[in-house]
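The next block holds one structure in the form of C-alpha cells; read it before the comments.
Below, read A as the first sequence line, B as the second, and so on, with proteins coming before strands; counting in each chain starts at 1.
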Amino acid sequence: MLDKKNILENTDLVQKNCDNRGVKVNVGRYVELESQRRALQQEIEELSRQANLVSKSIGKTQDDAERKERKKEGRQLREQKDEKQAAMDCIAAEAGAIYRSMPNLTHPESPVGSEAHSRELRRGEHDARSLGFPVLDHVELAEQHDLIDFEGGARTAGNGFYFLKNEAVLLELALQQYALELLMGEGFVPLITPDLARGEILQGVGFIPRGPETQIYSIENSDLNLVATAEITLGGLYSGQVIDEDDLPLTLCGISHCFRTEAGAAGRTSRGLYRVHQFTKVEMFAFTRPDQSEQMHNSFCDLECRIFDGLGIPYRVIDIATGDLGGPAYRKFDLEAWMPGRGDNGEYGEVTSASNCTDYQSRRLNIRYKTKGEKGTHFVHTLNGTAVAISRAILAILENCQQADGTVVVPSVLQKWVGKEQIGGGI
RNA sequence: GGUCGGGUGGCAGAGUGGUCGAAUGCACCGGUCUUGAAAACCGGCGUACCGCAAGGUACCGGGGGUUCGAAUCCCUCCCCGACCGCCA
C-alpha cells in the first residue's frame with residue numbers, strides 16, 4: 001500500500017505511475033472520497049468527544065433525574081455518531097477498494113512499458129553458445145536417465161505434478177544445500193517455513209488467495225492456503241512486529257514447497273518441469289531500513305548471479321518493465337537462464353526474480369522498526385529474491401550440462417552432495 | 001479430536017462496569033552522584049490518526065452485542081499453553 005498523504009499530495013504522479021504499470025485506477029476519485037472520509041471522521045470524533053464528556057459526568061452525578069436526562073443526551077449523541085459512522089463506512093469501503101488496488105511506486109530507472117520493454121542489464125560468466133551436437137530437452141534427458149516421472153505425477157495428482165526420481169532427488173537436495181551454504185555464509189538465517197498460510201498473510205504480501213483467477217490453492221472450509229512462495233511465510237513471520245533498528249537489515253532464507261494453480265497459463269510454453277503446480281524453492285527475504293533497500297536489492301541480484309555462475313549456467317539479467325512488475329514491486333530483476341532444449345534452438349527462461357517492495361508490503365503486514373531513544377516507528381522495506389527454484393534449476397542443469405553421448409555432468413559445486421560427477425554412462 | 005486455563009504497553013504482569021490509555025517491575029531515554037563505570041536516587045517513557053498548538057479520537061487477540069459509559073458483562077471466531085486420546 002502507498003502512503004495516503006503522498007497520494008493526496010501527488011495525485012498526478014501516482015496516477016501516472018498506475019498508468020505506466022497498466023493498472024486501471026481512478027486516483028482522482030480516491031482523493032475525492034478520502035477527503036470526504038476525513039471530513040466525516042472529524043465530525044464523528046467531535047460527537048464522540050461530546051458523548052464521552054456526558055458519560056463521564058454521569059458517573060459523578062448523584063441526582064437521579066439529572067442522570068436520566070444525561071443518559072438521554074448521551075444516547076442521542078451516540079445515535080448521531082452512528083449515523084455518520086455508517087455514512088463514513090460506506091465511503092471508506094469504496095475508497096479502500098481503490099486504495100488497495102494501487103500498485104507500488106516505481107524506481108525511476110525501471111523501463112516504462114509492457115513486458116517487451118524490459119531491459120537486459122548484463123550476462124553471466126558463461127556464454128550461451130551452441131553445444132555443438134543435437135541437444136535433447138530436459139524431458140528427453142530425464143526419461144533417458146529415469147529422473148522424473150511425469151506420467152506417475154499426472155496419475156496421482158494430475159497434469160503439472162511429477163515425481164523426482166534417482167539423481168533428480170539428489171539434485172534437488174544438493175541445490176538446497178548449495179544455496180543454503182552460500183547464503184548462510186552471507187549471514188542469512190535459514191528457515192524451513194510452513195507450506196500453508198492464512199488468507200490475511202497472503203493478502204498482506206500481495207497475493208489474492210481466492211477468486212476465479214487466483215494462482216493460489218486454498219483449503220476448503222478453512223482460511224488456509226498453500227503458499228506460492230516462501231516470500232509469503234517469511235513476510236508473515238514478522239507481521240505486526242516492531243523490529244529494533246539495530247537488528248536491520250534482517251536477512252532470511254526460507255525453504256518451502258511452492259504451489260501454483262497456473263490458472264490462465266494454458267498454451268504458454270509449459271513442457272516438462274518449466275511450469276508445474278508444485279516445486280521447492282529456496283527464497284531470500286530481507287527487512288531493511290528504507291535507505292538500505294536499494295543496496296540490498298542489488299545484493300540479492302548479485303547473489304543470484306553467483307549461484308548460477310557457480311552452477312555454470314549461462315543467463316542474462318533483466319530489469320523488468322513497469323507493465324510487468326505486479327503490485328508490490330518497486331523494481332524487479334529477473335535472471336533468465338539459457339535453456340538449450342527450449343524452443344527450436346534454445347531460449348532464455350526465467351529462473352529467479354528479485355524484488356524491492358519498499359514499504360508496500362510492510363504497510364499491509366504492519367511491520368515497522370523503531371530507533372532506540374526516538375519516538376514513533378517507521379515501516380521497514382521488504383525484499384525478496386529467488387535463490388534457487390529447484391524445478392527450473394534442474395531443467396537448466398540437465399539441458400546445459402548434457403554431453404554429446406547423452407550423459408549429464410553434475411556441476412562441480414553440487415558433486416559433494418550428489419555423490420557423483422555425472423549422470424548416466426554407467427558411472 | 002476432548003477437557004481446562006489463558007490472550008493487556010518492547011517484555012513481564014495487575015486490573016471484573018465509570019476519573020483506566022491502563023498499577024507495578026524490567027528494559028529504554030535524560031539528570032544527580034562518581035576520576036570513569038556500576039549501584040542508588042530523581043524525572044521521562046505505548047501506537048496510529050486529526051491539529052500550528054492546547055488538545056482530541058481510536059486501540060487491552062479479531063468481529064459483533066448490551067449500556068449514557070466496556071480491558072471489565074454477553075455472543076462468535078482466531079490464537080497460545082497444560083493435560084488426555086490418536087499418530088509420523
Side-chain angles (χ1 to χ4, degrees), chain A residues 1-9 30-31 33-93 95-96 99-100 192-204 209-210 218-225 232-233 236-248 250 257 287 289 359-380:
Chain A
M1 292 193 281
L2 301 178
D3 183 353
K4 288 186 178 178
K5 263 187 201 153
N6 187 35
I7 302 172
L8 297 181
E9 287 165 11
Y30 170 78
V31 170
L33 289 166
E34 178 62 11
S35 36
Q36 283 176 30
R37 192 196 67 76
R38 287 189 180 217
L40 275 170
Q41 179 70 46
Q42 294 207 357
E43 293 176 35
I44 288 165
E45 286 188 4
E46 175 57 21
L47 286 168
S48 283
R49 191 183 66 81
Q50 290 174 14
N52 286 345
L53 285 176
V54 171
S55 292
K56 277 184 184 169
S57 75
I58 291 174
K60 295 176 196 159
T61 305
Q62 297 302 318
D63 183 65
D64 243 22
E66 185 170 350
R67 283 175 76 99
K68 208 174 168 188
E69 188 54 38
R70 288 286 172 87
K71 282 187 188 184
K72 191 179 162 198
E73 194 186 341
R75 201 179 304 125
Q76 284 170 348
L77 283 166
R78 303 270 175 195
E79 277 165 9
Q80 286 176 40
K81 193 203 85 174
D82 287 346
E83 274 175 38
K84 289 210 187 283
Q85 183 77 51
M88 192 193 86
D89 288 348
C90 190
I91 289 167
Y99 180 53
R100 280 188 300 275
I192 292 180
T193 86
D195 285 337
L196 286 84
R198 302 175 184 289
E200 181 193 331
I201 300 295
L202 286 261
Q203 283 172 357
R210 316 249 167 172
S218 50
I219 307 293
E220 201 176 1
N221 299 323
S222 129
D223 185 36
L224 289 171
N225 309 270
I232 292 167
T233 41
L237 181 60
Y238 281 88
S239 62
Q241 305 295 299
V242 179
I243 304 171
D244 276 350
E245 187 191 345
D246 295 345
D247 294 333
L248 298 177
L250 198 57
H257 292 118
F287 302 94
R289 282 198 319 253
D359 58 359
Y360 190 85
Q361 292 176 327
S362 61
R363 284 176 188 279
R364 294 187 173 213
L365 291 166
N366 191 24
I367 305 175
R368 295 166 293 157
Y369 72 92
K370 184 171 175 59
T371 307
K372 267 198 173 58
E374 274 183 26
K375 216 172 149 55
T377 56
H378 302 96
F379 288 108
V380 299

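In this structure, the CG atom of A:D223 is 12 Å from the C1' atom of B:rG62, given to the nearest Å. Between the CG atom of A:D89 and the P atom of B:rG63 there is a distance of 12 Å, given to the nearest Å. In this structure, the CG atom of A:D244 is 12 Å from the C1' atom of B:rC11, given to the nearest Å. A:K370 places its NZ atom 9 Å from the P atom of B:rG10, with the value rounded to the nearest Å. The CD-P distance, from A:E245 to B:rC28, rounds to 17 Å in whole Å. Spacing between atom CD1 of A:I243 and atom P of B:rC11 amounts to 13 Å, rounded to whole angstrom units. For the pair A:Q50 CD and B:rG69 C1', the computed distance is 16 Å after rounding to whole Å. Note: CZ (A:R67) to C1' (B:rG17) measures 12 Å, nearest angstrom.
Separating the C1' atom of B:rA70 from that of B:rG65 is a span of 11 Å, rounded to the nearest Å. Here, B:rA82 and B:rA27 have their P atoms 28 Å apart, quoted to the whole Å. Atom name P, nucleotides B:rG9 and B:rU72: the rounded distance is 15 Å, in whole Å. A gap of 16 Å separates the P atoms of B:rG85 and B:rG2, to the nearest Å. With C1' as the reference atom, B:rA14 and B:rG21 are 15 Å apart, rounded to whole Å. Nucleotides B:rG64 and B:rA58 have their P atoms positioned 15 Å apart, rounded to a whole Å. Distance check on atom P: B:rU19 versus B:rG31 gives 36 Å, rounded to whole Å. Separating the P atom of B:rU8 from that of B:rC80 is a span of 14 Å, rounded to the nearest Å.
Nearest-nucleotide assignment on RNA chain B puts the 5′-proximal partner with A:E46, out of A:V54 and A:E46. Positionally, the nearest nucleotide of RNA chain B for A:V242 lies more toward the 5' end than for the other of A:K71 and A:V242.
Taking 4.0 Å as the cut-off between side-chain N and carboxylate O, A:R75 and A:E79 do not count as a salt-bridged pair. Using a 4.0 Å cut-off between charged nitrogen and carboxylate oxygen, A:K72 and A:E69 do not count as a salt-bridge pair. Residues A:E66 and A:R70 are paired through a salt bridge, judged by an N-O separation under 4.0 Å between the basic side chain and the carboxylate.
Across all strands shown, A:R49 has heavy atoms under 4.0 Å from sugar-phosphate atoms exclusively, and none from any base. Residue contacts for A:T377: at a heavy-atom cut-off of 4.0 Å it reaches the sugar-phosphate backbone alone, with no base atom in range.
The only member of A:E46, A:E45, A:E43 that meets salt bridge (Lys or Arg N to Asp or Glu O under 4.0 Å) when paired with A:K84 is A:E43.
B:rA88 is unpaired under the Watson-Crick or G-U wobble criterion, no partner having all donor-acceptor distances under 3.5 Å. Figure legend. B:rA53 is base-paired to no nucleotide; pairs are counted as Watson-Crick or G-U wobble with both atom distances under 3.5 Å. Pair assignment for B:rA70: none, as no Watson-Crick or G-U wobble contacts are both less than 3.5 Å. In this structure B:rC4 sits in a base pair with B:rG81, meeting the Watson-Crick or G-U test at under 3.5 Å. In this entry B:rC41 has B:rG31 as its Watson-Crick or G-U wobble partner, both defining distances falling under 3.5 Å.
Judged purely by atom type and a 3.5 angstrom limit, A:N366 has no side-chain atom pairing as donor or acceptor with the backbone of A:R364. A donor-acceptor pair under 3.5 Å links the side-chain atoms of A:S362 to the main chain of A:V380, judged by distance alone.
For the 3.5 Å distance criterion, the side chains of A:Q76 and A:Q80 fail to qualify, holding no donor opposite an acceptor.
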Taking only nitrogen or oxygen atoms into account, show me every contact under 3.5 Å that the protein makes with nucleotides 49-51 of chain B, one pair per line with its distance.
| unit_1 | atom_1 | unit_2 | atom_2 | d |
| --- | --- | --- | --- | --- |
| B:rC50 | OP1 | A:R38 | NH1 | 2.9 |
| B:rC50 | O2' | A:Q42 | NE2 | 2.8 |

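In the set B:rU57, B:rG69, B:rC78, the nucleotide with an atom closest to the side chain of A:N52 is B:rU57.
A:E245 CD: more than 12 foreign heavy atoms inside a 6.0 Å radius. No more than 12 heavy atoms of other residues, nucleotides or ligands sit less than 6.0 Å from atom CD1 of A:I192. Taking a 6.0 Å sphere around NZ of A:K4, one finds it holds more than 12 heavy atoms contributed by other residues, nucleotides or ligands.
Contacts of residues 73-88 of chain A with RNA chain B (heavy atom under 4.0 Å): A:G74, A:R75, A:R78.
At a cut-off of 3.5 angstrom, counting only N and O atoms as typed in the model, there is no donor on one side facing an acceptor on the other between the side-chain of A:R368 and the base of B:rG10.
Residues satisfying the side-chain contact (heavy atoms from CB on, under 4.5 Å) criterion with A:N6, sequence neighbours excluded, are A:D3, A:N10, A:L105.
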